[in-house]
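Below is one structure; the comments refer to it alone.
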Amino acid sequence: MMKVSVCVPTYQHESYIAQMLDGALTQQTTFPYEIVVGDDGSRDRSPAIIRAYAEKYPDQIRAYLHPENLGPKEPREFAGRNNVLFLLKACRGEYVALCEGDDYWTDPHKLQKQVDFLDAHPDFVICHHNVRVTYEDGSPEHFFNAPDQKAISTIDDLLADRWFLATASLLYRNYFLTEDFANWHAEAAAGDWALVLQLAARGNIGYLPEVMGVYRKHRGGLSHVHAPTNEWFVQNRKEMFENVRAWLDSFKRNN
């Protein structure tokens, strides 16, 4: 069985995707891993760049170059959702590492460190780490996690509406190889929240304080849409939490 699948959703990332793939390909591990990249109908050079990498590394990269954007087109808060869900189900590894096409990893031992952690802690379902946050507009860089970030978190921390997991830092146990996503997942605009909440219902979240990647914030990123100033998004996230709490009761009874 493949140990790790690196899940890479990308769209209009011609300026970034090569650096992301290089960071994934230079990982030094004692186990096999694959890179599952899906381009969501980009009209820039992203598909050509990805195709060149896939041809050079055919045993390691599985590329899905969708000729058209998988949508949905509306609302805009759901942009890229179908591509992400497609890729998550295409990942066949025991673990899945996430990194969007405009972010990248800086530590060649990142995957090994996180896999070692989860292998040694079977009651943990997610391992995350700190990353550096950079801005296209030149705003000052900073770290994603504060120095007092807890080493162990639970679903209760997430239900308190505290987000402390950089998407590019996530490695999780791949329950979705054999299980479907919760029925409320498709209605949640915050797809990273929805994924992590379902995972955290199954176990603890571990944190490694090392800085092992970079999260880019730029005008093309969804962080400008998924913002506290977006009233529609805030209301949708509130509804997601309500759905999660109802789902948890049933989940706990059946597991």
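If you read the sequence from its start, that first residue is 1, and numbering goes on from there.
- If you chain together hydrophobic residues whose side chains sit under 4.5 Å apart, Leu88 and Val8 never meet in one group.
- Judged by a 6.0 Å distance limit and a 45° cone about the ring axis, Arg202 is positioned over the six-membered ring of Tyr175.
- For the pair Arg216 and Glu136, the salt-bridge criterion is not met [side-chain N within less than 4.0 Å of a carboxylate O].
- No more than 12 heavy atoms of other residues, nucleotides or ligands sit less than 6.0 Å from atom NZ of Lys238.
- Formation of a donor-acceptor pair under 3.5 Å by the Glu100 side chain with backbone atoms of Thr10 is not found in this model.
- Heavy-atom minimum distance, Asp40 versus Glu68: OD1-O, 4.3 Å.
- In terms of heavy-atom proximity, Glu14 sits nearest to Ser46 at N-OG, 3.0 Å.
- Both Val37 and Val6 belong to a common hydrophobic cluster when Ile, Leu, Val, Met, Phe, Trp and Tyr are linked at side-chain heavy-atom distances under 4.5 angstrom.
- Of all heavy-atom pairs spanning Phe164 and Leu158, the tightest one is CE2-CD2, 3.9 Å.
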Asn243 and Glu239: side chain to side chain donor-acceptor pair (under 3.5 Å), yes or no, with the steps? CA-CA 6 Å; Asn243 290 333; Glu239 293 170 357; over 6 Å; no

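- The closest donor-acceptor contact from the side chain of Gln27 to the backbone of Asp107 lies under 3.5 Å.
- By the 6.0 Å contact criterion, CD on Glu231 is open, its count of non-hydrogen atoms from other residues, nucleotides or ligands being 12 or less.
- Ring orientation note: the planes of Tyr64 and Phe86 are nearly perpendicular, at an angle over 60° on the 30°/60° scale.
- Using a 4.0 Å cut-off between charged side-chain N and carboxylate O, Asp157 and Arg162 make a salt bridge.
- Under the 3.5 Å distance criterion, with hydrogens and angles disregarded, no donor-acceptor pair is assigned to the side chains of Tyr104 and Asp22.
- Taking the charged nitrogens against the carboxylate oxygens, Asp137 and Lys217 have no contact shorter than 4.0 Å, which rules out a salt bridge.
- For the pair Lys89 and Phe181, the cation-pi test (distance below 6.0 Å, angle within 45°) is passed.
- Closest heavy-atom contact between Gln12 and Ser42: N-OG, 2.6 Å.
- The NE2 atom of His13 sits 11.5 Å away from atom CE of Met20, with the distance rounded to the nearest 0.5 Å.
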I'd like to know whether His128 forms a side chain to side chain donor-acceptor pair (under 3.5 Å) with Tyr172, so could you lay out the CA-CA distance, the side-chain angles of the two residues, the decisive distance to 0.1 Å, and finally the verdict. CA-CA 9 Å; His128 70 116; Tyr172 67 83; over 6 Å; no

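- The 12-atom threshold is not exceeded at CZ of Phe143, counting heavy atoms of other residues, nucleotides or ligands nearer than 6.0 Å.
- Residues Leu177 and Val4 do not share a hydrophobic cluster, defined by chaining ILVMFWY side chains whose heavy atoms lie under 4.5 Å apart.
- Using a cutoff of 4.0 Å between basic side-chain nitrogens and carboxylate oxygens, Asp119 and Lys3 are scored as salt-bridged.
- Aromatic ring pairs are classed by plane angle as parallel below 30°, tilted from 30° to 60° and perpendicular above 60°; the pair Tyr135 and His142 is tilted.
- For the pair Cys99 and Pro9, the tightest heavy-atom approach, listed with the atom from each and the gap, is O-CD, 3.9 Å.
- Taking the six-membered ring where the residue is Trp, the centroids of Tyr11 and His66 are separated by 6.0 Å or more.
- Side-chain contact, Glu34 with Ser5: a donor N or O sits under 3.5 Å from an acceptor N or O.
- Of all non-hydrogen atoms in Leu165 and Val196, the two that sit nearest each other are CD1-CG1, 4.0 Å.
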